[in-house]
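Below is one structure, written out as structure tokens; the observations come after it.
Chain letters run A, B, ... following the sequence lines, proteins first and then strands; every chain starts at 1. Remember, predicted model here, so these are calculated numbers, not experimental data.
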Amino acid sequence: MTEKTKLIAPRLPRGFEDRTPGEIAAVGQMIDKIKAVYERYGFDPVETPLFEFTETLGKFLPDTDRPNAGVFSLQDDDEQWMSLRYDLTAPLARYFAENFETLPKPYRSYRQGYVFRNEKPGPGRFRQFMQFDADTVGAGGPEADAEMCMMMADVMDALGLQGQYVVRVNNRKVLDGLRQAMGISDDDQWLVVMRSIDKFDKIGATGVEQLLQKGRLDESGDFTKGAGLSEVQAKALLLLFAPITMQEVPVAIATEDTNKPRFELWSLDKVNAAPAGVTRVDEVAQASAATLGYIAMVFRSIGSQVDSNTSAYYGYKELYEMGRLFQAAGYNADRIKIDPSVVRGLEYYTGPVFEIELTFKVQNEKGQDVVFGSVGGGGRYDGLVSRFRREPVPATGFSIGVSRLANALKLTGKLNASEPAGPVVVLVMDKEQMAGYQAMVAELRQAGIRAEMFLGNTKNFGKQVAYADKRNSPIVIIEGSQEREQGILQIKDLIAGKQAAAAITDNAEWKAARPGQFEIKRDELVAAVQKLLSEQ
RNA sequence: GCCGCCUUAGCUCAGUUGGUUAGAGCGCUAGAUUGUGGAUCUAGAGGUCCUCGGUUCGAUCCCGAGAGGUGGUACCA
């Protein structure tokens with residue numbers, strides 16, 4: 001005991017966080033609100049484990065037998081690689097495929113939990129964080145995608161963020177069509193193009209333009225190699241971000257196949273004299289008409305037409321139909337808007353992609369503006385279940401980054417992270433009377449009131465009251481020998497006392513005043529506490 | 001991964017031009033007060049000065065390497 005043993009420094013690996021009662025309560029409230037929206041849309045919960053076989057998650061490095069370094073992995077007894085899940089989508093695909101025979105199809109499910117990524121953490125980025133997902137598996141139409149977007153918007157409303165977010169929607173098929181039109185055949189080159197576009201909110205138009213061409217030298221002096229596009233190609237892609245100015249309006253022209261309208265840009269004069277079968281897009285999808293027209297214009301600027309290649313056509317048509325659905329359901333462009341610059345991750349999305357963006361400024365503790373990125377997103381992933389089953393299974397879904405959203409709300413003071421009320425504390429005035437104090441606690445607990453007897457060092461009475469204060473306790477119960485003889489108790493209202501004492505500066509006066517304290521009969525304990533709690 | 005900055009008490013930081021017992025504020029513990037929260041006063045605990053190596057009579061300080069933290073950037077399913 002005399003020799004000093006080497007102590008272990010209590011420390012947390014970076015990217016991980018402890019959560020206090022206030023934070024747990026605040027996130028719990030968020031979860032309840034999100035859950036309520038999902039359930040209202042007809043989704044059912046399911047829970048899957050934190051660990052999966054690495055091959056289930058699909059994260060083996062190419063050409064090696066080791067998992068991707070970005071996932072936490074370990075080998076089981078039989079040397080099979082297992083990994084902590086890094087999202088909730090791959091485990092859902094596994095669950096659906098494994099229970100294919102019994103699940104209803106389409107299958108609507110939601111689930112919430114921690115996911116893990118072994119990457120360098122940053123502001124608002126963690127190595128363990130919570131996601132809350134909803135997915136519809138087995139429904140291939142844009143109605144399912146549109147429903148996802150509307151549900152995301154409803155969730156944000158339910159969290160009290162009306163008017164402070166926008167759900168941005170794009171379609172990967174449109175981007176693929178652009179690629180074809182521009183004649184980019186190299187997959188790697190296209191990958192760099194997509195990454196560059198995805199960085200728009202971080203590095204701006206100039207930065208993206210540099211990345212699309214030769215490359216960009218950032219502030220730290222690091223050079224990022226560009227995609228090697230020509231100036232003409234780069235400028236055309238940059239139109240995706242340009243402010244929308246339209247001389248012409250998009251129209252849908254009926255064709256022999258009623259499911260395949262043609263999309264063109266017409267001048268207003270031409271539209272006004274339009275023959276039957278030509279519909280202005282803004283009459284059916286007002287919310288996003290300008291953007292739809294704009295996408296058509298981007299195609300024209302590179303010498304193509306939006307419906308001249310299959311991929312772009314279907315992407316465009318899906319966006320058009322989703323726009324109609326948003327319009328019909330009353331979701332305007334200030335809540336959900338079509339935005340051709342949305343890219344989202346790169347791996348498995350096959351059609352519509354969407355992202356929630358906060359439209360208010362977020363500042364960190366030091367008062368600096370923080371680029372927060374999206375707080376949620378998703379899209380259609382028709383290929384994911386096919387890894388487990390031979391038949392094609394379409395699926396769409398999205399994910400809310402609960403941790404990141406909570407962090408944003410915390411920084412803006414919109415998260416109610418106040419410490420929850422503590423228990424009623426019964427003070428120990430006389431160690432011989434423990435049984436009596438414990439009986440009081442039991443009475444209170446039986447009445448459903450949080451209560452505890454002070455268990456620490458009872459020698460100094462002031463410390464007991466200080467303990468109750470630190471516990472955020474609303475009330476303390478005092479029974480000394482004087483009270484016991486008279487069959488009474490002292491009830492001390494700590495909340496009222498705190499207010500009443502604010503004006504007192506002298507310690508002697510402070511003690512004499514005993515603010516917020518009054519007497520009751522012993523047998524009135526439960527009733528008096530209940531009454532006081534309801535008044536506080 | 002790459003680039004910059006940082007590392008002294010639980011926290012925020014001072015300091016030593018290289019010299020013997022390394023400081024402050026806040027916090028913590030105890031006492032003033034075995035019948036009252038805040039404030040006040042008193043006392044106390046708490047330090048491998050990030051680690052290792054080098055230079056030096058002597059290193060917390062100078063030099064080198066490493067670790068950790070932080071910011072940017074890359075990757076991000």
Hey, is the main chain of A:D135 close enough, under 3.5 Å, to the side chain of A:Y107 for a donor-acceptor pair?
-> no
Rounded to whole angstrom, note down the P distance from B:rU12 over to B:rU20.
-> 27 Å
Rounded C1' spacing from B:rG68 to B:rU48 in Å | 16 Å
Would A:Y38 and A:F132 count as a close aromatic pair, with their ring centres under 6.0 Å?
-> yes
Touch class at under 4.0 angstrom, heavy-atom based, for A:E479 against every strand present = nothing
Would A:Y348 count as stacked on B:rA77 if the rule is ring centres under 5.5 Å and plane angle under 30°?
-> no
Please work out if A:L57 contacts a base, only the sugar-phosphate, or nothing of the nucleic acid, heavy-atom cut-off 4.0 Å.
-> nothing
Determine the contact category for A:G462: base if any of its heavy atoms lies under 4.0 Å from a base atom, sugar-phosphate if only primed atoms, P, OP1 or OP2 are that close, otherwise nothing.
-> sugar-phosphate
When A:K120 and A:L494 are each assigned the nearest nucleotide of RNA chain B, the 5'-most assignment goes to A:L494
Runs of at least three consecutive pairs that involve RNA chain B, where pairs are Watson-Crick or G-U with distances under 3.5 Å | B:1-7 with B:67-73, B:10-13 with B:23-26, B:28-32 with B:40-44, B:50-54 with B:62-66
Which is true for A:D493 with a 4.0 Å heavy-atom rule: it touches a base, it touches only sugar-phosphate, or it touches nothing?
-> base
Could you tell me whether A:Q464 contacts a base, only the sugar-phosphate backbone, or nothing, with contacts defined as non-hydrogen atoms closer than 4.0 Å?
-> nothing
Show the distances under 3.5 angstrom between N or O atoms of the protein and N or O atoms of nucleotides 26-32 of chain B.
unit_1, atom_1, unit_2, atom_2, d
B:rG31, OP1, A:K459, NZ, 3.3

Determine, for A:F129 and A:R404, whether the Lys NZ or Arg CZ falls below 6.0 Å from the six-membered ring centre while staying within 45 degrees of the axis.
-> no
